[in-house]
Amino acid sequence: MRYDTLAQMLTLGNIRAGNKMIVMETCSGLVLGAMMERMGGFGSIIQLYPGDGPVRVATACFGFPKSFLSGLYEFPLNKVDSLLNGTFSAEMLSSESKDSTPTEKSNGALEEKQTSEQDNEDSMAEAPGNNHPEEHETMEIVSQEEPEYKEPKERGSKKDYVQEKQRRQEEQRKRHLEAAALLNERNADGLIVASRFHPTPLLLSLLDFVAPSRPFVVYCQYKEPLLECYTKLRERGGVINLRLSETWLRNYQVLPDRSHPKLLMSGGGGYLLSGFTVVLDNVRVDPSLKSSTSTLESPKAEEPAPKKQKCMESGS
């Protein structure tokens, strides 16, 4: 993603302090960090992420204070459908956290077995090359005594690790519930999508969480997915001022009597689909109203008889 494309996304999305924004991005947290910098720690940002957790490598490079992170929420992308259907509950998050703990414990046991096997192999490899029996005896004594002293320390460290992990899981579950409550209000001030996934299903599902008369911006490296998204939005309705644009940038060399465009320039900065949300008109017209309108419009279709006679007389 080029910097001019990112600037246009922030401008078209009306990113400012005090907003309640929804972002779905797979750019290692670059778009998220730019939004946080523009909002200045005021407002709230709900980040939707695929997989096990959000990736914020680029966001950490911004060096934001802790006050900026208080308004940052994350929510798993695979739970969006349950929110839309009204079947989301806190038990779904707790069941996921319970399912993840046994796998991590088994992974830890496998790692311990692998390390113990490696230690045994190293000790067996070093045994034939020893020419000093006294040193070998002392090493055996130390190796026998070390596990007795290390066992309580290892047990204590494991308990601390498990407690810290449970605490983090509980905090994450609370943050997910807070993000779900914010999304259920369905009054977000904007939507930003910049991911490697196809934008059409993402945008059609996430637009339900955005309030009317609010902007949305979708970034894609290619034009064809955004064209399909454009046609789907026109068929669906509920959006206005749809615009598909391509970002274009050229650097100039500015010197006395030597100002000209540079020969080397970026070939393309991607495509942006932007627009505004409006209220969907889902009210169906009753058949009785249609019949009444047809009866009202029927006299207008035919001219009255006196008027026809006057036209005939004037023509004759």
Side-chain angles (χ1 to χ4, degrees), residues 1-80 83 88 90 93 96-97 164-197 202-203 206-207 209-211 213-219 247 269-270 272 274 277:
M1 181 182 293
R2 215 164 52 191
Y3 55 87
D4 61 320
T5 306
L6 181 59
Q8 287 191 13
M9 290 178 63
L10 298 178
T11 303
L12 294 173
N14 192 25
I15 310 299
R16 56 184 178 84
N19 275 5
K20 176 183 175 182
M21 301 298 301
I22 301 175
V23 58
M24 166 56 196
E25 58 108 353
T26 56
C27 303
S28 300
L30 178 63
V31 179
L32 176 64
M35 293 173 63
M36 293 174 64
E37 192 272 336
R38 180 69 67 90
M39 295 176 66
F42 299 96
S44 58
I45 301 177
I46 306 168
Q47 181 187 11
L48 303 175
Y49 63 89
D52 297 332
V55 180
R56 297 171 181 171
V57 180
T59 308
C61 298
F62 282 84
F64 293 126
K66 292 183 179 180
S67 59
F68 280 55
L69 303 177
S70 61
L72 179 59
Y73 303 89
E74 62 268 1
F75 192 78
L77 189 63
N78 56 2
K79 296 292 184 295
V80 172
L83 270 181
F88 177 78
L93 297 175
E96 281 190 354
S97 61
E164 181 67 19
K165 184 180 175 182
Q166 291 177 353
R167 185 184 64 82
R168 289 181 179 179
Q169 287 180 352
E170 186 64 24
E171 290 180 358
Q172 185 180 17
R173 192 178 69 86
K174 289 181 181 179
R175 299 291 287 180
H176 285 174
L177 292 176
E178 292 176 359
L182 291 175
L183 288 173
N184 277 327
E185 294 176 359
R186 304 196 179 192
N187 59 352
D189 294 320
L191 172 64
I192 304 292
V193 178
S195 69
R196 64 179 184 271
F197 304 109
L202 284 175
L203 188 61
L206 296 180
L207 279 178
F209 299 113
V210 183
S213 302
R214 299 296 189 274
F216 63 90
V217 185
V218 185
Y219 166 79
T247 59
L272 293 177
S274 60
T277 59

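Taking the six-membered ring where tryptophan is involved, the planes of Phe75 and His176 are perpendicular, since the angle between them exceeds 60° and thus also 30°.
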Applying side-chain contact (heavy atoms from CB on, under 4.5 Å), run through Val23 and Leu48 and close with a yes or a no. CA-CA 6 Å; Val23 58; Leu48 303 175; over 6 Å; no

Could you go through Val193 and Tyr219, starting from their C-alpha distance and side-chain angles, then the distance that decides it, and tell me whether this counts as side-chain contact (heavy atoms from CB on, under 4.5 Å)? CA-CA 6 Å; Val193 178; Tyr219 166 79; over 6 Å; no

Should Leu272 and Gln8 be marked as a side-chain contact (heavy atoms from CB on, under 4.5 Å) after you check the CA-CA gap, both sets of side-chain angles, and the distance that decides it? CA-CA 9 Å; Leu272 293 177; Gln8 287 191 13; 3.7 Å; yes

Taking it one step at a time, do Phe64 and Glu37 satisfy side-chain contact (heavy atoms from CB on, under 4.5 Å)? CA-CA 8 Å; Phe64 293 126; Glu37 192 272 336; 3.9 Å; yes

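Inter-residue side-chain proximity for Leu207 and Phe216 is flagged as met; some heavy-atom pair is nearer than 4.5 Å. In this structure, the side chains of Phe42 and Asn19 stay at 4.5 Å or more apart for every pair of heavy atoms. Side-chain atoms of Pro76 and Tyr49, non-hydrogen and from C-beta on, do get closer than 4.5 Å to each other. At least one side-chain heavy atom of Val31 sits under 4.5 Å from a side-chain heavy atom of Met1. Looking at heavy atoms from C-beta onward, Phe197 lies in side-chain contact with Thr26 at the 4.5 angstrom threshold.
For the atom pair CG (Leu202) and CG (Leu77), the distance works out to 6.0 Å, reported to the nearest 0.5 Å. If you take CE on Met39 and CZ on Phe68, they are separated by 10.0 Å, rounding to the nearest 0.5 Å. Rounded to the nearest 0.5 Å, atoms CZ (Arg38) and CE (Met9) are 11.5 Å apart. Met24 contributes atom CE, which lies 12.0 Å from atom CG of Leu32 (distance to the nearest 0.5 angstrom). Put simply, CD1 on Ile46 and CG on Leu182 are 4.5 Å apart, with the number rounded to the nearest 0.5 Å. Atom-to-atom distance recorded for Leu72:CG and Met21:CE is 13.0 Å, nearest 0.5 angstrom.
In this structure a side-chain-to-backbone donor-acceptor pair under 3.5 Å is missing from Glu170 to Lys174. No donor-acceptor pair under 3.5 Å is formed between the side chain of Ser44 and the backbone N or O of Gly71. Here the side chain of Ser274 pairs no donor or acceptor atom with the backbone of Val217 at under 3.5 angstrom. One N or O on the side chain of Glu25 and one on the backbone of Cys27 form a donor-acceptor pair closer than 3.5 Å.
The pair Arg175-Glu171 fails the salt-bridge criterion, with no side-chain N (NZ, NE, NH1 or NH2) lying under 4.0 Å from an Asp/Glu carboxylate O. Ion pair Arg173/Glu178 not flagged as a salt bridge, since none of the NZ, NE, NH1 or NH2 atoms sits closer than 4.0 Å to an Asp/Glu carboxylate oxygen. With salt bridges taken as basic N to acidic carboxylate O contacts below 4.0 Å, one links Asp189 and Arg214.
Atom CZ of Arg186 is surrounded by more than 12 heavy atoms from other residues, nucleotides or ligands within 6.0 Å.
Looking at every heavy atom in both residues, Asp52 comes nearest to Gln172 through O-NE2, 4.5 Å. The two residues Pro215 and Gly13 have their closest heavy-atom pair at CG-O, 3.5 Å.
In the model, Thr247 has a side-chain atom that pairs as donor or acceptor with a side-chain atom of Thr5 under 3.5 Å.
Considering Ile15, Leu12, Leu10, Ile22 as possible partners of Ile192, the one that fulfils the side-chain contact (heavy atoms from CB on, under 4.5 Å) test is Ile15.
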